[in-house]
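Here's the structure, in structure tokens; my notes come after.
Each ligand, and each atom within it, is numbered from 1 in the order the structure gives. The figures that follow rest on heavy atoms only: side chains count, while hydrogens, waters and symmetry mates do not. Worth saying up front: this structure is predicted, and the values here are computed from it rather than measured.
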Amino acid sequence: MPPADEAGGFFMKAPAVLIFVLAMGSFRHQHLLGIAELSREDIELIFHRAEAYLPYCRSALHRLPDLRGKSVVLAFFEPSTRTRVSFELAARRLSADVVSFQAAGSSLAKGESLLDTVQTLEAMGIDALVIRHHASGVPWFLRRFLRCSIVNAGDGHHEHPTQALLDGFTLWKHFGRLEGLRVCIVGDVLHSRVARSNIALLRLFGAEVGLCGPLTLVPREAEQVWGVRLFTSLQDAVRWADALNVLRLQRERMESGLIPSLEEYHRFFGITPQVLAWNPRVRILHPGPVNYGIELTPEVALGPNAHIRQQVTHGVAIRMAVLSLLLGVS
Ligand code: NCD
């Protein structure tokens, strides 16, 4: 592969399959705010493009020229490791300029509003703003005022579309389909944007979705509103499912008193080798960060059923695909 500075001539040497995938279909969105705004065809386009980018997402030696001349700003107002770093790597692997805005130490501390802050960033000439914020709806609010592309990297407990895309992509690569698949989301659904985006994506593809967790952490209306199946017994859920998407207890968004204790939660809903014995073929996903000994044990997270590391790798490819499609690489 050519080094970055020779990458302009890359397409002369690119494999035919990559050129074919980059040329197929068209993506008509300026922003990626939520899964609810995407069609099945949009998501298939993202999956195919991510698959074509996969061999190029592991090393800076394979930098592609697709976003040369574009600027991407990452503005994370909540903690993040994998989402922020993978967006940054994705943009860099496509030769974009990337700036990470640090909320701490910025003029927000001097009383500047969020809107003024992002409008100031936009006035410097940016093509995409990747934003994570603790308030649900912030990316939709900003869309009314900004001309650049906005990518939602997680808003409150509402949506986290690129996480659902990488989870769906991981299942699609393993099973070869999503239709008819039985996926159970286990744990703190109530506070989870990952769960909401996953449910929307899986239902769009005709997968069956189950939810399993303490009644205090699974919205009661889920069955009717989302068309999912509720499980109160982990054993029933595990026997039913092809894959479990295991969630962290998101205590930063949780009122007290929703679970008796972490030990009790682990006893009833923790995924352990004994739990896997109920269905040895079940696949395990987790968006990270993992709290070992609560929702999952290290043996399960590092064992043969888990796709957790693969999800992280897929996250870079999915974010490369999303950025290139939004910023008009056809
Ligand atoms: C998730 C998030 O931030 O919503 N993590 C992630 O993006 N990889 C889930 C979580 O924090 O538990």
Under 4.5 Å between side-chain heavy atoms, counting indirect links through other Ile/Leu/Val/Met/Phe/Trp/Tyr residues: same cluster for Leu165 and Leu45 or not? yes

Hey, what's the ring geometry for Phe169 with Phe47, parallel, tilted or perpendicular (30° and 60° as the breaks)? tilted

For Gln163, atoms of ligand 1 separated by under 4.0 Å from a heavy atom: 6 (C), 7 (O), 8 (N)

Whether the side chain of Asp188 engages the backbone of His191 through a donor-acceptor N/O pair (distance < 3.5 Å, no angle test) should be reported. yes

Taking only non-hydrogen atoms of Thr83 and a 4.0 Å limit, the atoms of ligand 1 in range are 6 (C), 7 (O), 8 (N)

Does the side chain to side chain contact (heavy atoms under 4.5 Å, CB included) test come out yes or no for Leu249 and Leu217, once each step is laid out? CA-CA 9 Å; Leu249 292 174; Leu217 295 180; 3.6 Å; yes

For Glu112, what residues pass the salt bridge (charged side-chain N to carboxylate O under 4.0 Å, His left out) criterion, not counting sequence neighbours? none

Per-atom filter on ligand 1: closer than 4.0 angstrom to a heavy atom of Arg248 are 10 (C), 11 (O), 12 (O)

Are Pro287 and ligand 1 in contact, using a heavy-atom cut-off of under 4.0 Å? yes

Please could you name the atoms of ligand 1 that His160 approaches to less than 4.0 Å, counting only its heavy atoms? 2 (C), 4 (O), 6 (C), 7 (O)

Out of Pro289, Ser192, Gly288, who is nearest to atom 6 (C) of ligand 1 when you count heavy atoms only? Gly288

Just to be sure I read this right, does ligand 1 sit under 4.0 Å from the backbone of Val194, its side chain, both, or neither, counting only heavy atoms? side chain

Heavy-atom contacts with Arg82 under 4.0 Å: which atoms of ligand 1 show up? List them by number with element. 8 (N)

Only pairs at least two apart or in different chains count here, so list each salt bridge (charged side-chain N to carboxylate O under 4.0 Å, His left out) that has a residue in residues 262-279. none

Nearest to atom 3 (O) of ligand 1, what protein heavy atom do you find, and at what distance? Arg193 NH2, 3.0 Å

Give the contacting part of Arg132 toward ligand 1: side chain, backbone, both or neither, where contact means a heavy-atom distance below 4.0 Å. side chain

Under the 6.0 Å and 45° cation-pi test, does Arg132 pair with Phe76? no

